[in-house]
Number of protein chains: 2
Amino acid sequence: MICQRYDSDVATKRASDTRPDLAAMLAPLVRELIDAELPILAANGISMWAYSVLLALDRSPMRSQAALAEAIGADKTRIIPTLDELQALGYIERRPDPDDRRVRLLAVTDAGRAVKDATQAEIQRGEERWLGRLSAADRSAFLRVLRQFTDERRAARNLARESS
Amino acid sequence: MICQRYDSDVATKRASDTRPDLAAMLAPLVRELIDAELPILAANGISMWAYSVLLALDRSPMRSQAALAEAIGADKTRIIPTLDELQALGYIERRPDPDDRRVRLLAVTDAGRAVKDATQAEIQRGEERWLGRLSAADRSAFLRVLRQFTDERRAARNLARESS
DNA sequence: TATTGTTATACTCTATAACTATA
DNA sequence: TATAGTTATAGAGTATAACAATA
């Protein structure tokens with residue numbers, strides 16, 4: 001009934017009208033990218049969440065921790081230890097809004113931006129291991145598509161926020 | 001000292017010689033793809049790991065559970081409950097190798113392939129929400145790049161396995 | 001003794017729900 | 001009373017290590 005070879009690298013059947021799932025191709029790639037990032041982050045003394053916070057605050061200061069959490073796709077309770085740490089290191093500024101002392105105004109400091117820039121340079125150098133193998137046309141198309149997806153996600157999120 | 005506006009959608013600075021990190025763009029995308037998949041998987045009565053197993057066994061039968069685990073990037077202990085379940089549902093065949101009764105020969109059944117095909121069709125229809133917005137050229141370039149990355153990962157893994 | 005599969009345990013990560021302080 | 005932030009707790013998911021069966 002089942003009469004295929006039990007080889008590990010038997011030719012993968014790939015009918016002309018089928019494609020692999022996006023997530024099935026992307027998830028292992030992301031995992032590998034993250035595995036490559038972790039030592040770099042550790043060497044620069046920050047966690048993945050901390051790096052994510054620095055990236056977001058470098059794009060723009062934030063008027064509340066909840067907004068920051070939403071921007072980076074985290075729970076608001078989850079980033080608190082990260083913010084404590086970044087503040088203690090002097091990488092972010094975090095002070096109560098004088099107009100509403102419940103909310104915290106968040107911004108990256110010069111020191112924080114320097115760490116973020118150094119870390120990002122190393123990370124992107126590592127990513128060239130993947131991008132470097134692409135033709136110039138494929139590279140630019142791939143990055144363009146990813147940026148388009150990112151922008152569309154942000155637009156959809158803003159729309160959902162405004163309607164609520 | 002810090003004099004930017006605290007707006008959430010302030011223009012993101014994007015210097016001409018910089019690009020966003022690959023992982024920073026891919027990770028949220030993968031998360032969203034997975035969130036869209038989970039209801040589909042639930043409706044078809046299988047878990048994410050089970051679907052991953054069906055995909056792998058549909059590509060090729062496997063001669064051991066450890067090989068299967070490695071192929072899908074899982075721990076060998078983690079997939080055991082999944083295999084139990086898939087076997088109970090009649091979606092996979094799992095029998096001791098007569099030549100070495102320690103190892104289990106694994107293969108997908110016709111019923112398992114049917115569930116996998118139905119699930120995959122739904123998932124890929126959902127993914128068209130993303131791919132459908134791309135130009136034909138961008139779509140084919142994007143998928144070509146992802147396949148290239150996937151193939152390179154597999155080649156690197158086979159190389160590492162053979163040298164050990 | 002080495003290997004495959006299995007089970008048990010400990011650990012990390014994450015989400016949920018109370019709690020405080022301001023409004 | 002409602003909201004921003006914080007803390008505490010419970011749950012899910014994961015990895016590590018011990019165990020049983022076979023070679």
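Note on naming: letters A, B, ... go to the chains in the order of the sequence lines (proteins, then strands), and numbering restarts at 1 for each one.
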Between [X] ([atom1]) and [N] ([atom2]), how many Å, whole number?
X	N	atom1	atom2	value
A/D84	D/dA4	CG	P	19 Å
A/D97	D/dG5	CG	C1'	14 Å
A/Q65	D/dA4	CD	C1'	8 Å
B/I79	D/dG13	CD1	C1'	16 Å
A/Q87	D/dG5	CD	C1'	13 Å
B/R104	D/dA21	CZ	P	12 Å
B/I80	D/dT14	CD1	P	15 Å

Hey, which of these two, B/K76 or A/R78, hits DNA chain C nearer its 5' end, going by closest nucleotide?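 Taking each residue's closest nucleotide, the earlier one in sequence belongs to B/K76.
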Name the residue closer to the 5' end of DNA chain C, choosing between A/D75 and A/R102 according to the nucleotide with the nearest heavy atom.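 Its nearest nucleotide lies further toward 5', so the answer is A/D75.
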My understanding is that only one of A/T82, A/V108, A/D58, A/I46 makes a side chain to side chain contact (heavy atoms under 4.5 Å, CB included) with A/V53; could you say which?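 The side chain to side chain contact (heavy atoms under 4.5 Å, CB included) with A/V53 is passed solely by A/T82 among A/T82, A/V108, A/D58, A/I46.
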Walk along DNA chain C from 5' to 3' and tell me the first and last nucleotide with an atom closer than 4.0 Å to a non-hydrogen atom of chain B.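 Using the under 4.0 Å cut-off, the span is C/dA2 to C/dT7.
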Any chance CG of A/D110 has more than 12 other-residue heavy atoms, nucleotides or ligands included, within less than 6.0 Å?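 Open.
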Can you see if the side chain of A/R94 gets near the phosphate of D/dT6 - specifically, an N or O under 4.0 Å from OP1 or OP2?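 Affirmative; the distance criterion is met.
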B/D84: side chain to side chain contact (heavy atoms under 4.5 Å, CB included) partners, not counting sequence neighbours: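 With sequence neighbours excluded, B/D84 shows a side chain to side chain contact (heavy atoms under 4.5 Å, CB included) to B/I80, B/R94, given in chain and number order.
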Identify whether any heavy atom of A/D100 sits under 4.0 Å from a base atom; if not, whether one sits that close to sugar-phosphate; answer base, sugar-phosphate or nothing.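 It contacts sugar-phosphate atoms only.
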In terms of the angle between their ring planes, are B/F142 and A/F142 parallel, tilted or perpendicular, with boundaries placed at 30° and 60°?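 Plane angle under 30°, so parallel.
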Kindly say whether, by distance alone, the side chain of B/R101 makes a donor-acceptor pair under 3.5 Å with the base of D/dT22?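 Flag unset: no donor-acceptor pair detected.
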Electrostatic pair B/E32-A/R157, nearest N-O below 4.0 angstrom: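 Result for this pair is no, no salt bridge flagged.
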Tell me, with the steps shown, if A/I40 and A/Y51 meet side chain to side chain contact (heavy atoms under 4.5 Å, CB included). CA-CA 11 Å; A/I40 297 173; A/Y51 179 60; over 6 Å; no
With nearest nucleotide decided by heavy atoms, which residue, A/V103 or A/T77, maps closer to the 5′ end of DNA chain D?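 The residue whose closest nucleotide sits nearer the 5' end is A/V103.
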Within the 3.5 Å criterion, strictly below it, is a donor on B/Q148 or B/E152 matched to an acceptor on the partner's side chain?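 Their side chains do contain a donor-acceptor pair, which is all the 3.5 Å distance test asks for.
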